[in-house]
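Structure first, commentary second.
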Amino acid sequence: MKSSQSIIKLLLILSIIYSPFNLALALSPMSAQSSKDTLVFKGDADFPPYEFLNEKGEPNGFTIELIHAIMQELNMPYKIELDVWHKVYQDYLDGKVDVITSLAYTKKRSKMFIYGPIHSYTQPNAIISKNNTPVRKKKDLIGRTIIAQNSDLYHEILANEVNVKLTDVEQVSDAFRLLPTIKNGVVLCDDKLARSIIYRYGFKDLVFSDIDIPKIATCFAGRDEEIIDRISHGFATVKSKGIYNQLTNKWLENDDVQKKLSIFYAIAALLALLAFSLYLFVILLRRRVKENTQEIVNYVHQIEEILRFSEIDLWQYDLKTNQITIYNGSHEVKAKMDTGAYLTKLLPEDREKMLKRLELLKQGTNTPFKFEQSYLSESGKVKYLIVNGSPNYNKELKTVKYAGMIRDITDLKEIQFTLNREKEKAQQSDKLKSAFLANMSHEIRTPLNAIVGFSDLLQYTDSAEEREQYIKIINSNNELLLRLINDILDLSKIEAGAMELHFQEFKVNTLFDNLALSLLPRLEENRAVQLLVNHPKENYCIYLDYNRLVQLVTNFAINAIKNTHKGTIEIGYTYHTNGIRVYVEDTGIGIPQSEQHRIFRRFEKVNDFVQGSGLGLSICKAIVETFKGEIGFTSEEGKGSTFWAWIPCKVIEKED
Ligand code: ADP
């Protein structure tokens, strides 16, 4: 691998006189070992990292340390000299050198040198200036100028394959100095040597080609077989002690280690890439999970809000524990109880139905269901609910739970009840209206028929007595008809809310005295009944509708007169802080218990033989209700009755 122009010349000579070469060497009396006792090693002074002169000018490098180690083993005196390569060769030829420190092995050379053990390998590489045509294979060297130290070696490598121009330099570092000046030049030398020199001298803008040229062995070489043998022996010892490995590791970086390291780095890079991809994947996954989780959270929140505003609860019935749990929209437990306790919360009429439903559920029925149901809340208020649900299965598809929703429909139910009530009322009122009309026409027709009939009879009778009797009947029926029509009109007015009220301040005692006077003529026919007026001591004023109060008490009193044949009829009143209580008490025929419930209904008469329209008490009730008061009576058959009314009004204390 290493040569110079001198070597080329020498090799040319040797190639001509090959046979005598060995002889000449063998016979040469100028063996350095034999002439002096010190073994002389010589090598290239600028061939890092193998051999070079350090800053102090001392030989250093891989081969140098290896020689030191070998010679230490051999325990022989020696010296190492380094010089420019052609001088090394010259000294060798002059017999001043025993061993060349590093000589690349070639077939040609092996005939001229005795090679010692291989101590390293040279890996030729092509280095070009940046921006030059790249070199990827040997053919790329065709026509280009190869700058090399040892033209012989590279010539030998390349000559048979490619047509190149060779330019020799004395030292390898010169090749790199020359490279920028040669167009399309290529430095061809050992890869490690090139890197070492570039690093040492700071050459820049170079490109390594990694051209595929086989490695070449580098050995100790000399002419004395014995010396080379001894060196080989020493080398083997050094190797067996591990010193050689230490040196290669130190200077040349073991290829195996390098390879292993490369594989290790590749695996590490792959693992790092994998880890990074995994990390990215996890990050993306987490982001996705986060987004999806957020979506779910929003969705659940919306459902919770909807459930809350819709007054919808959720429920669950666990068949195993027999527990019913009710949750609010936020899934907080509102109530939890077993089925027995649950049944007690229902209205009695719903319990039986629910019991049957629970039996079905316990059997594991798997059809969804929906039903209406009552529920007694904690406050004791009855709530109405719509319950729907469906089964939940376990892995074996067996029903283990039921779950669903409960909707509070109490408001709707109340509206429904009100509507039903109103409907019934309307129907009732319709019926009443028809009955009222039927009754009214009947009641009107009776006196009218009497009036028409007896008026007709008048013209056919000459008897003054009969005439007088007919006229009396006609008058009585006139009065009855008039009263009836008045009552009907009054009642209609009151019920339609069209009754005109005239509030005024008046003394109640005076009202009762006047009332008694107006009633007396009605009692003249029956002397067995006495009319009493019961005044309180105080003669207070009240603020009320005078005529309506008179109408109320008169109706009570006329009824009493009609139904009392002996004893007393007492009319009276008492004051109260916020109103007045009027009453009419009689010792008359009384009202049987069984008839008392229909006394205030229109056209209801207990005794058909007693004159009357059956509207008087209906009018009284309507008047009292207009004033937001109360009306009632107590009665015992054969003993008498007391009719009363309490009317709220302002009571004003005024002394006479
Ligand atoms: P009428 O105009 O027929 O009296 P009311 O509505 O005033 O109709 O009374 C209804 C019925 O109540 C009467 O027909 C009568 O049978 C009964 N009644 C009312 N007041 C008395 C009373 N003081 N004693 C006995 N029965 C009474």
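For the single chain, residues carry numbers from 1 onward in sequence order. Being a predicted model, the structure only gives us computed values, none of them experimental. When a ligand or atom number is given, it counts from 1 through the structure's own listing order.
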Would you say ligand 1 has an N or O under 3.5 Å from any N or O of [X]?
X      : result
Leu617 : yes
Arg483 : no
Gly616 : yes

Measuring from the heavy atoms of [X], does anything fall under 4.0 Å of ligand 1?
X      : answer
Lys562 : yes
Ile591 : yes
Gly588 : no
Phe643 : yes

Report the C-alpha distance between Asp318 and Tyr402 in whole Å, list the side-chain angles of each, state the deciding distance to 0.1 Å, and finish with yes or no for side-chain hydrogen bond (donor to acceptor under 3.5 Å, both in side chains). CA-CA 7 Å; Asp318 191 329; Tyr402 290 92; over 6 Å; no
Taking the six-membered ring for Trp and the single ring otherwise, decide whether the centroids of Tyr384 and Phe417 are under 6.0 Å apart. yes
Which ligand 1 atoms, with their elements, are less than 4.0 angstrom from a heavy-atom of [X]?
X      : answer
Asn607 : 16 (O)
Ile599 : 12 (O)
Glu604 : 10 (C), 11 (C)
Ala560 : 23 (N)

Identity and separation of the nearest protein heavy atom to [atom]:
atom                    : result
atom 23 (N) of ligand 1 : Asp586 OD2, 2.9 Å
atom 22 (C) of ligand 1 : Asn563 ND2, 3.7 Å
atom 8 (O) of ligand 1  : Gly614 CA, 3.0 Å

Think Arg357 forms a cation-pi with Phe369, using NZ or CZ under 6.0 Å from the six-ring centre and within 45 degrees of its axis? no
State which residue, out of Ile571, Asp586, Ile569, Leu617, fulfils the side-chain contact (heavy atoms from CB on, under 4.5 Å) condition with Phe556. Leu617
Please check if any side-chain donor atom of Gln294 sits under 3.5 Å from a side-chain acceptor atom of Asn298, or the reverse. yes
Given side chains that start at C-beta, do those of Ile580 and Val651 come closer than 4.5 Å, heavy atoms only? no
Between Ser374 and Leu347, which heavy-atom pair has the shortest distance, and what is it? OG-N, 3.1 Å
Could you tell me which non-hydrogen atom of Ile591 sits nearest to which non-hydrogen atom of Val606, and how far apart they are? CG2-CG2, 4.1 Å
Tyr583 vs Asn534, test: side-chain hydrogen bond (donor to acceptor under 3.5 Å, both in side chains). Steps then yes/no. CA-CA 10 Å; Tyr583 68 90; Asn534 185 12; 2.8 Å; yes
Can you check which of Asn559, Leu615, Val606 brings a heavy atom nearest to atom 4 (O) of ligand 1? Asn559
Go through the steps to decide whether Ser379 and Ser377 satisfy the test side-chain hydrogen bond (donor to acceptor under 3.5 Å, both in side chains), and finish with yes or no. CA-CA 5 Å; Ser379 60; Ser377 69; 3.0 Å; yes
